[in-house]
**Student:** 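First, the structure itself, so that you have it in front of you.
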Amino acid sequence: MSGYGFRRDGGEFASDTWRPLDRAVHRWVLAHGGCAALARLAAWASYADGQGDAALPMDPTRHGMAPLSDAELAQVHHDPLVDAGAHDAMRPFVMDTAHFYLRRNHSNECRVAASLDARRNAASSVAIDDGDLDALFDGDRSNAVAPQRAAVRAVVGRRLFVLTGGPGTGKTTTVLRMLAMLQRQAEAPLSIAVSAPTGKAAQRLVDALRRGRQQLLARDLPPAWRAAVDALPDGDALTLHRLLGFDPQRNAFRFHAKRPLTADVVVVDEASMVDLALLRGLLDAVRPDAALVLVGDADQLASVSTGSALMDVVSVLERERDGALVRLRHSFRAERTLVALNETVRTGDAAGFAQAVEAAGERAAHRRVDDTARLATQLRAWSERLAALTALRASPAAEPEALRATALAALDALSQQQLLCALREDVFGAVATNRTIERHLRRAWREPERAEWYAGRAVIVTRNDAASRLFNGDVGVCLADADGRLQVWFETADASGARDVRGFPPGALPPHEPAFAITVHKSQGSEYAHVAVLLPPDPAHRILSRQLLYTAVSRARERVELWSSDAALHAALAQPVERSGRLAERLARLPVADAAPEQPKPVPVVATPRQGELAF
Ligand SMILES: Nc1ncnc2c1ncn2[C@@H]1O[C@H](COP(=O)(O)OP(=O)(O)OP(=O)(O)O)[C@@H](O)[C@H]1O
């Protein structure tokens, strides 16, 4: 995947492979008496951590690092800075089963494995009558719904439960029913916390649960179920950092093993985005007797930071046929042809992908975009379609109901088509393609060439903002009222969970950027009717991976286009992201030594130290 080389003459230090941080690690080791081989290894481990690896394997090595000689390895093993079995937490590096770790990654990995294992073992079985579930599922006992029913049954009595599935497979629908079941089994009203790594995902989950609850209550439910659904609390949308009380001053969480959360049930959606350090913080903070429910699509992109925890946990539970896991496979939402296409991407089946595109007819296309001229052609056609969306240029009336309808129609129009870019920078990235699309739109809509704001402009918020209650990832559309006054409208939900809007003057928005093209990373958790996915044409580009492509194409509900070279498509399909680390191994057969947890203490949660600061 990378062509970087390990140069024994110390050339890595001068090359641009290592980040300044990796070089600082190298210098730190030498300054603290470490041997030269350790300094190089530590810098590579820092580099690997930046790539999402929890550990650097010695055989084979990663990222192009040449293997250490036996003599060098022996030196590293005996270096006082390395813990190679001494269990001395003061040593900043760990060599464990031919994997070299920065101390904090090793500590997080061991702790996460031990906590998950303890939670797995704490399960007790409770018999649930299948007939009783009929009320929650409208009597539906079809194959499509069977795994949802299984999940609702299996969650009872567990301290850890994992629900995974692709988009539209009913994860949220099932979570609501699992909560109702847990409430039904409880003697008193449960304290339930629902959370997600991002504010937008948390808000989406809370809104969907609220809507689902109203729908369930509108049914003719038996009294016992009605009481259980009624008793479910109407929780706030909390990011995981807020739930755990992240204190940026101390870089630690307020809630931890000695001061756990009060919640009886903690649900975490979009769990694929949770990195190792955050998962450790979560596991420390959830009471041992509380139920932790992790929900997400294990095949999507992993966290932007260290580890691929959900993927690792799912792989082990699935292999061991553990009842703590249910995978939902049936999509209730997407077009069947697109579900088949997504599956070929998920499994990296290049021939199958070509056939699925063919079979999907109008619903899927692979457009060969391997240079900037072809990209320009696609962007022009794409912009023309956007420009034709009249809802984006409608003027909201002053009357609240009409205003709401106009703004929602504009937001709906926007979610009809979305360009997703693998890259942010570069001519094939989101920033440049947004610029091109905006240029086309201004021209088509006869707006001044330099106008920053104009009716129809779409923006995405880039930072959570408590004051405006806008979250990183929220998308808004700018509309002009009858007097030409511009307001940017965002979707929200009213107290009953019904769709509503909120408007802001453009100058009052938190940090934001244009949203006609967004990165695939930003699109996680969202879906659109028609998606175009733009990959960089160079097959050697490191961004290309199967998970990236799967995340991107699975955002489409009705239609998907891939804009890429053949080579880039094949490279992405052939390249599953496999993050190095031993979490799955530890979970599968946890050695007793690792199960003895360290003393709980505030955990540094910033996975990658900032420049100039060394924390291993
Ligand atoms: N058992 C079911 N019977 C009928 N429709 C269902 C069922 N489960 C889910 N659905 C419908 O499928 C759609 C997707 O469900 P839901 O939002 O729960 O899925 P999800 O996996 O959470 O989706 P996302 O990809 O947004 O995370 C919804 O419209 C929902 O009403």
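Order of listing sets the numbers, starting from 1, for every ligand and every atom in it. Keep in mind that this is a model prediction, so the values were computed, not measured. Along the sequence shown, the residues carry numbers beginning at 1.
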**Student:** Which heavy atom of the protein is the closest neighbour of atom 31 (O) of ligand 1, given with residue, atom name and distance?
**Tutor:**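 Looking only at protein heavy atoms, the one closest to atom 31 (O) of ligand 1 is Thr173 OG1, 4.4 Å.
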**Student:** Is there a donor in the side chain of Ser142 and an acceptor in the side chain of Asp140, or the other way round, less than 3.5 Å apart?
**Tutor:**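 Note: Ser142 and Asp140 side chains meet the donor-acceptor criterion.
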**Student:** Is there at least one protein heavy-atom neighbour under 4.0 Å from atom 29 (O) of ligand 1?
**Tutor:**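 Not a single protein heavy atom is under 4.0 Å away.
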**Student:** If I apply the N/O under 3.5 Å rule, does Phe137 come out as touching ligand 1?
**Tutor:**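 In this structure, Phe137 places no N or O atom under 3.5 Å from an N or O of ligand 1.
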**Student:** Assess the side chains of Gln416 and Asp412: does a donor N or O sit below 3.5 Å from an acceptor N or O?
**Tutor:**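 Checked: Gln416/Asp412 side chains show no N/O donor-acceptor pair below 3.5 Å.
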**Student:** Are side-chain N/O atoms of Arg280 and Asn108 paired as donor and acceptor at under 3.5 Å?
**Tutor:**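 A donor-acceptor contact under 3.5 Å links the two side chains.
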**Student:** Should you measure from each heavy atom of Thr169, which atoms of ligand 1 turn up under 4.0 Å away?
**Tutor:**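 That gives atoms 19 (O), 21 (O) of ligand 1.
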**Student:** May I ask you to identify, for Glu527, whether its side chain, its backbone, both or neither come under 4.0 Å of ligand 1 on a heavy-atom basis?
**Tutor:**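 Near ligand 1, Glu527 shows nothing, with every heavy atom at 4.0 Å or more.
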**Student:** Decide whether a cation-pi geometry holds between Arg177 and Phe137; the criteria are a distance under 6.0 Å from NZ or CZ to the six-membered ring centre and an angle within 45° of the ring axis.
**Tutor:**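 Checked: cation-pi criterion met.
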**Student:** Does Arg184 qualify as a cation-pi partner of Trp225, given the criterion of NZ or CZ under 6.0 Å from the six-membered ring centre and within 45 degrees of its axis?
**Tutor:**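 Yes, Arg184 and Trp225 form such a contact.
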**Student:** Could you work out, for atom 1 (N) of ligand 1, the closest of Gln148, His330, Glu270 by heavy-atom distance?
**Tutor:**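 When every heavy atom of Gln148, His330, Glu270 is considered, Gln148 comes closest to atom 1 (N) of ligand 1.
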**Student:** Minimum distance, heavy atoms only, to atom 26 (O) of ligand 1: which one of Gln300, Lys171, Arg204 is it?
**Tutor:**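 Selected option, by shortest heavy-atom distance: Arg204.
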**Student:** With Thr198, which of His241, Met273, Arg204 fulfils side-chain contact (heavy atoms from CB on, under 4.5 Å)?
**Tutor:**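 When side-chain contact (heavy atoms from CB on, under 4.5 Å) is applied between Thr198 and each of His241, Met273, Arg204, only Met273 qualifies.
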**Student:** Within ligand 1, which atoms have a heavy atom of Pro167 less than 4.0 Å away?
**Tutor:**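 Close to Pro167: 25 (O).
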**Student:** How close does the nearest protein non-hydrogen atom get to atom 11 (C) of ligand 1, and which residue and atom is it?
**Tutor:**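 Looking only at protein heavy atoms, the one closest to atom 11 (C) of ligand 1 is Phe332 CB, 3.7 Å.
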**Student:** If we ignore angles and hydrogens, is there a donor and acceptor under 3.5 Å between the side chains of His330 and Thr169?
**Tutor:**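 No - no donor-acceptor pair under 3.5 Å links their side chains.
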**Student:** What protein heavy atom sits nearest atom 22 (O) of ligand 1, and how far off is it?
**Tutor:**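 Among all protein heavy atoms, the one nearest atom 22 (O) of ligand 1 is Thr172 OG1, 2.6 Å.
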**Student:** Scan Arg327, Arg329, Arg546 and name whichever one has a salt bridge (charged side-chain N to carboxylate O under 4.0 Å, His left out) with Asp299.
**Tutor:**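 For Asp299, the salt bridge (charged side-chain N to carboxylate O under 4.0 Å, His left out) check succeeds only for Arg327.
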**Student:** Please confirm whether Val145 approaches ligand 1 to less than 4.0 Å, judged on its heavy atoms.
**Tutor:**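 For ligand 1, residue contact (heavy atoms, under 4.0 Å) with Val145 is present.
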**Student:** Looking only at protein heavy atoms, which one is nearest to atom 25 (O) of ligand 1, and how far off is it?
**Tutor:**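 Going atom by atom, the protein heavy atom closest to atom 25 (O) of ligand 1 ends up being Gly168 N, 2.9 Å.
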**Student:** Of the side chain and backbone of Arg177, name the one, both, or neither that has a heavy atom under 4.0 Å from an atom of ligand 1.
**Tutor:**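 Under 4.0 Å from ligand 1, Arg177 contributes no heavy atoms.
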**Student:** Below 3.5 Å, can you tabulate the donor-acceptor pairs from side chains in residues 352-360 to any protein atom, sequence neighbours excluded?
**Tutor:**
none

**Student:** For ligand 1, is Gly165 a contact, meaning one of its heavy atoms is under 4.0 Å away?
**Tutor:**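 Distance cut 4.0 Å: Gly165 fails for ligand 1.
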**Student:** Name all residues meeting the side-chain contact (heavy atoms from CB on, under 4.5 Å) criterion together with Pro510; count only those two or more places apart in sequence or in a different chain, and write none if there are none.
**Tutor:**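 For Pro510 the side-chain contact (heavy atoms from CB on, under 4.5 Å) partners, ignoring immediate neighbours, are Val461, Asp465, Ser468, Leu470.
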**Student:** Report the nearest protein non-hydrogen atom to atom 19 (O) of ligand 1: residue, atom name, distance rounded to 0.1 Å.
**Tutor:**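 Going atom by atom, the protein heavy atom closest to atom 19 (O) of ligand 1 ends up being Gly170 N, 3.0 Å.
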**Student:** May I ask you to check whether Asp140 has an N/O atom sitting below 3.5 Å from an N/O atom of ligand 1?
**Tutor:**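 N/O-N/O distance below 3.5 Å does not exist for this pair.
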**Student:** What is the closest protein heavy atom to atom 17 (O) of ligand 1, and at what distance does it sit?
**Tutor:**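 Here the nearest protein heavy atom works out to Arg333 NH2, 3.1 Å.
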**Student:** Short check: is a protein heavy atom less than 4.0 Å from atom 4 (C) of ligand 1?
**Tutor:**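 Yes, there is a protein heavy atom closer to it than 4.0 Å.
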**Student:** Side chains of Glu561 and His530: do they bring a donor and an acceptor to under 3.5 Å?
**Tutor:**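 Yes.
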